[in-house]
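These figures come from a predicted structure and were not determined experimentally. For ligands, and for the atoms within them, numbers begin at 1 and follow the listed sequence.
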Amino acid sequence: MGWEHPVFARLYDLYMLPQELWGVRARRRRVVGSAAGLTLELGVGTGLNFPFYGPVPCVVGIDPDPHMLDRARRRAGEARVPIRLVRACGEHLPFANGTFDTVISTLVFATIPDAEAAAREVRRVLKRDGTLRFFEHFRSEQPVLARLQDLVAPAWKRVLGGCEPNRDVVGIFRRAGLQVLETVKFRGTFLLSGVAKPR
Ligand SMILES: C[S@@+](CC[C@H](N)C(=O)[O-])C[C@H]1O[C@@H](n2cnc3c(N)ncnc32)[C@H](O)[C@@H]1O
């Protein structure tokens, strides 16, 4: 099944560990710690963000992969805030319009097969004054580097659970009706964090 990556789920924390120690964890803390109010987390994976939530009333976490969700469930039990996990895809969020104050997405828009549809869903489920707080792969603005990203993308996608790191994530958010308020690059890599809100 396209959504199930049992080996990737088993190895994910190990694969991420060097990156977490190199600064990804600190960036997660910054992005996730800024969540306020009722919060939706897209593509929770193994739940690496859960320890960083501040005093929000509840986090609803979605992911389509049951192997990721099994691991996330264990971490949710140790979190300081209530975390409810739902098996769902970003492209079809099972929530009413204007439900959430905050949506968190970290390292997920590169993996969602129809990222444009998922961004529209984020826009739909956010309250009018809600925010999307993200930490995502992005396509380089430099043509040579972008071309290099295109070359490695097919192999990267096969090995890393469907991840396509060469997507224009800011463009995806804008086309979905989100206004990108700020972006901060991460250590010279093709990762950036930022904040967006419904236009
Ligand atoms: C690279 S992992 C990132 C996990 C986590 N967000 C983190 O920061 O560590 C990508 C996650 O996106 C999930 N995913 C894949 N397709 C998705 C979809 N259509 N909607 C939402 N999440 C999806 C995968 O199952 C996986 O857990």
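- Listed by number with element, the atoms of ligand 1 under 4.0 Å from a non-hydrogen atom of M68 are 27 (O).
- For the side-chain contact (heavy atoms from CB on, under 4.5 Å) test with L40, the passing option among T99, V60, V122 is V60; the others fail.
- Here the protein heavy atom with the shortest distance to atom 4 (C) of ligand 1 is G43 O, 3.5 Å.
- Using bins of under 30°, 30° to 60° and over 60° for the plane-to-plane angle, the ring pair Y15/F8 lands in the tilted bin.
- Side-chain contact between E41 and I62: absent, with no pair of heavy atoms (C-beta onward) separated by less than 4.5 Å.
- Here Y12 has side-chain heavy atoms under 4.0 Å from ligand 1, and that is the only part of it that gets that close.
- Considering only non-hydrogen protein atoms, atom 1 (C) of ligand 1 sits nearest to L107 O, 3.3 Å.
- Residue-level proximity to ligand 1 for M16 is absent, since no heavy atom of it falls below 4.0 angstrom.
- Between the side chains of R30 and S193, no donor N or O sits under 3.5 Å from an acceptor N or O.
- Annotation: R84, atom CZ; neighbour count of heavy atoms from other residues, nucleotides and ligands within 6.0 Å does not exceed 12.
- If you check the side chains of H67 and E4, you find a donor sitting under 3.5 Å from an acceptor.
- Residues satisfying the side-chain contact (heavy atoms from CB on, under 4.5 Å) criterion with K127, sequence neighbours excluded, are D101, D129.
- Between R28 and ligand 1, at least one N/O pair is under 3.5 Å apart.
- Note on ligand 1: C163 sits outside its first shell, no heavy atom being nearer than 4.0 Å.
- Within the 4.0 Å heavy-atom criterion, the part of E91 lying near ligand 1 is the side chain and not the backbone.
- Residue-ligand proximity, G45 to ligand 1, at heavy-atom distances under 4.0 Å covers atoms 4 (C), 27 (O).
- Within a 6.0 Å radius of CZ in R199, more than 12 heavy atoms belonging to other residues, nucleotides or ligands are found.
- Counting atoms of ligand 1 from 1 in the listed order, those under 4.0 Å from a heavy atom of D65 are 25 (O).
- Every atom of ligand 1 is numbered from 1 in the order shown, and the set under 4.0 Å from a heavy atom of C89 is 19 (N), 20 (N).
- For F109 and F134, the gap between ring centers reaches or exceeds 6.0 Å.
- Heavy atoms of V44 found under 4.0 angstrom from ligand 1 belong exclusively to the backbone.
- For G161, the heavy-atom gap to ligand 1 stays at 4.0 angstrom or more.
- Between the side chains of T131 and R133, a donor-acceptor pair is found at a separation under 3.5 Å.
- One option in T111, L69, D63, T106 has a heavy atom closer to atom 26 (C) of ligand 1 than any other, and that option is D63.
- Closest to atom 14 (N) of ligand 1, if we only count protein heavy atoms, is P64 CD, 3.8 Å.
- The single protein non-hydrogen atom nearest to atom 12 (O) of ligand 1 is V108 CG2, 3.3 Å, given as residue, atom name and distance.
- Close approach to G90 involves these atoms of ligand 1, each under 4.0 Å from a residue heavy atom: 18 (C), 19 (N), 20 (N), 21 (C).
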Please tabulate, one pair per line, all N/O donor-acceptor pairs under 3.5 Å involving side-chain atoms of residues 138-145, not counting sequence neighbours.
unit_1: R139; atom_1: NH1; unit_2: D150; atom_2: OD1; d: 2.7
unit_1: R139; atom_1: NH1; unit_2: N166; atom_2: O; d: 3.2
unit_1: R139; atom_1: NH2; unit_2: D150; atom_2: OD2; d: 2.9
unit_1: S140; atom_1: OG; unit_2: Q142; atom_2: N; d: 3.0
unit_1: E141; atom_1: OE2; unit_2: K185; atom_2: NZ; d: 3.0

